[in-house]
Amino acid sequence: MALGLLWLGLVLLGALQTQAQDSTPNLIPAPPLHRIPLQPDFQNEKFQGKWYIIGLAGNEINKEKHSQFKMYTTTYELKEDNSYNVTSTVVWKKACDYWIRTFVPCSRPGQFTLGNIERYIGTKNYTVRVVATDYNQFAMVFFEKVYKNQEFFKITLYGRTKELRPVLKEIFINFVKTLGLTDEHIIFPIPNDQCMDK
């Protein structure tokens with residue numbers, strides 16, 4: 001009887017481990033940072049202000065799952081120490097929700113880390129890199145975080161307005177595909193007016 005219970009316990013433990021492994025997604029590995037371009041001669045002052053999120057691509061994004069994702073805004077406010085207060089305004093359960101964080105500059109202009117990272121339990125590293133921008137129309141920004149020993153990365157296509165020329169979307173799509181992502185990892189959030197002008 002005791003041997004039977006021990007055997008049953010081992011079978012259940014094995015089943016739980018298998019289930020836990022199955023729930024961990026097989027993510028495309030994050031590319032090494034040296035493969036990610038950095039905007040030459042990055043201008044902090046010009047980059048600040050409101051950006052609309054026009055496109056998103058990442059190793060955790062799924063086109064089917066996120067097909068109803070709504071457009072939101074992110075505002076960069078430059079501080080005296082050249083870090084940014086960054087506020088994202090999203091629609092959450094029919095209300096406006098605000099996500100505020102600080103991006104601290106690194107030794108390379110246009111690259112940042114997350115300020116007060118210890119507040120984000122489980123996050124070991126968080127890097128932000130401005131890939132390309134013309135400051136008054138579009139920007140492409142690369143984000144990478146290590147959370148609970150897993151690497152997540154995404155690329156965001158920003159616009160100063162809710163719409164961008166198709167050629168800029170094509171450049172975005174082509175760039176994210178060079179990082180190993182596919183069409184299934186790319187979404188273009190649905191334009192909406194709620195919370196956009198707060």
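It should be emphasised that the depicted structure is a prediction, and the values quoted were computed from it without experimental measurement.
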Task: For Thr75, side-chain contact (heavy atoms from CB on, under 4.5 Å) partners two or more places apart - done: Lys50
TODO: Return yes if some donor-acceptor pair links the side-chain N/O of Gln39 with the main-chain N/O of Val130 below 3.5 Å, else return no.
DONE: no
- [ ] Please report the shortest heavy-atom distance between Phe172 and Gly55, naming the atom on each side.
- [x] CZ-C, 3.8 Å
Open item on the list: Please tell me whether Leu38 and Val104 are part of a single hydrophobic cluster in this structure, the criterion being side-chain heavy atoms less than 4.5 Å apart.
Closed with: no
- [ ] May I ask you to test the Glu144-Ile36 pair for a side-chain heavy-atom distance under 4.5 Å?
- [x] no
Open item on the list: Quick one, Pro31 and Phe153 - any side-chain contact, counting heavy atoms below 4.5 Å?
Closed with: yes
Open item on the list: What's the separation between atom OH in Tyr147 and atom CD1 in Ile121, rounded to the nearest 0.5 Å?
Closed with: 8.5 Å
- [ ] Kindly write out the residues that satisfy side-chain contact (heavy atoms from CB on, under 4.5 Å) with Glu77, not counting sequence neighbours, or none if the list is empty.
- [x] Asn85
TODO: Using side-chain hydrogen bond (donor to acceptor under 3.5 Å, both in side chains) as the criterion, list what pairs up with Asn116, not counting sequence neighbours.
DONE: none
TODO: Could you name each residue pair satisfying side-chain hydrogen bond (donor to acceptor under 3.5 Å, both in side chains) that touches residues 173-183, not counting sequence neighbours?
DONE: Lys177-Asp183, Thr182-His185
- [ ] Check ring-ring contact (aromatic ring centres under 6.0 Å, His included) between Tyr52 and all other residues, then give those that pass, not counting sequence neighbours.
- [x] none
Open item on the list: I need the Glu60 CD to His66 NE2 distance, nearest 0.5 Å.
Closed with: 7.0 Å
Task: Transitive ILVMFWY side-chain link Val86 to Trp92, under 4.5 Å - done: no
- [ ] Quick one: list whatever passes ring-ring contact (aromatic ring centres under 6.0 Å, His included) with Phe47, sequence neighbours left out.
- [x] Phe42, Trp51, Tyr76
- [ ] Sequence neighbours left out, what passes salt bridge (charged side-chain N to carboxylate O under 4.0 Å, His left out) with Asp81? Give chain and number order.
- [x] none
TODO: Look at the side chain of Asn59 and the backbone N and O of Glu151, then say whether any donor-acceptor pair between them is shorter than 3.5 Å.
DONE: yes
Open item on the list: Test of understanding: with salt bridge (charged side-chain N to carboxylate O under 4.0 Å, His left out), list the residues that count as partners of Lys70, not counting sequence neighbours.
Closed with: none
Open item on the list: Keeping Arg101 on the side-chain end and Trp99 on the backbone end, is there a donor-acceptor pair under 3.5 Å?
Closed with: yes
Task: Rounded distance (nearest 0.5 Å) linking atom CZ of Phe142 with atom CD1 of Ile155 - done: 6.0 Å
Open item on the list: Taking side-chain hydrogen bond (donor to acceptor under 3.5 Å, both in side chains) as the definition, give me every residue that meets it alongside Asn192, ordered by chain and number, with sequence neighbours left out.
Closed with: none
- [ ] Please answer: with hydrophobic residues joined when any side-chain heavy atoms are less than 4.5 Å apart, are Val91 and Ile53 in the same cluster?
- [x] no
Open item on the list: I'd like to check the side-chain contact (heavy atoms from CB on, under 4.5 Å) partners of Pro37; sequence neighbours left out, ordered by chain and number.
Closed with: Val131, Phe175
Task: Interatomic distance, Met71 atom CE to Leu56 atom CG [nearest 0.5 angstrom] - done: 10.0 Å
Task: Counterpart residues, side-chain contact (heavy atoms from CB on, under 4.5 Å), relative to Arg165 (two or more places apart) - done: Gln137, Val167, Leu168
Task: Side chain proximity check, Leu164 to Phe188, heavy atoms < 4.5 angstrom - done: no
TODO: Using atom types as modelled and distance alone, determine if a side-chain donor or acceptor of Tyr84 lies under 3.5 Å from a backbone N or O of Asn44.
DONE: yes
- [ ] Not counting sequence neighbours, list each pair that qualifies as a side-chain hydrogen bond (donor to acceptor under 3.5 Å, both in side chains) and has a residue in residues 118-131.
- [x] Gln111-Arg129, Lys124-Asn149
Open item on the list: Let me confirm one number: the OG-CD1 distance from Ser67 to Ile190, rounded to the nearest 0.5 Å.
Closed with: 7.0 Å
Open item on the list: So, taking the atom named OG1 in Thr73 and the one named OH in Tyr158, what distance separates them when rounded to the nearest 0.5 Å?
Closed with: 10.0 Å
Task: Side-chain heavy atoms of Lys145 within contact of Leu114, under 4.5 Å - done: no
TODO: Given side-chain contact (heavy atoms from CB on, under 4.5 Å), test Met140 with Val176 step by step and report yes or no.
DONE: CA-CA 10 Å; Met140 279 195 300; Val176 301; over 6 Å; no
- [ ] Look at the side-chain heavy atoms of Ile, Leu, Val, Met, Phe, Trp and Tyr, link any pair under 4.5 Å apart, and say whether Ile171 and Phe138 land in one connected group.
- [x] yes
Task: Side-chain (Glu45) to main-chain (Gln43) donor-acceptor, under 3.5 angstrom - done: no
Open item on the list: Under 4.5 Å between side-chain heavy atoms, counting indirect links through other Ile/Leu/Val/Met/Phe/Trp/Tyr residues: same cluster for Ile173 and Ile28 or not?
Closed with: yes
Task: Heavy-atom side-chain proximity of Cys106 to Thr113 below 4.5 angstrom - done: yes
Open item on the list: Please find the pair of heavy atoms, one from Ile54 and one from Gly159, that lie closest to each other, and give the distance.
Closed with: CG1-N, 3.6 Å
Task: Non-hydrogen side-chain atoms of Thr133 and Lys46 separated by less than 4.5 Å - done: no
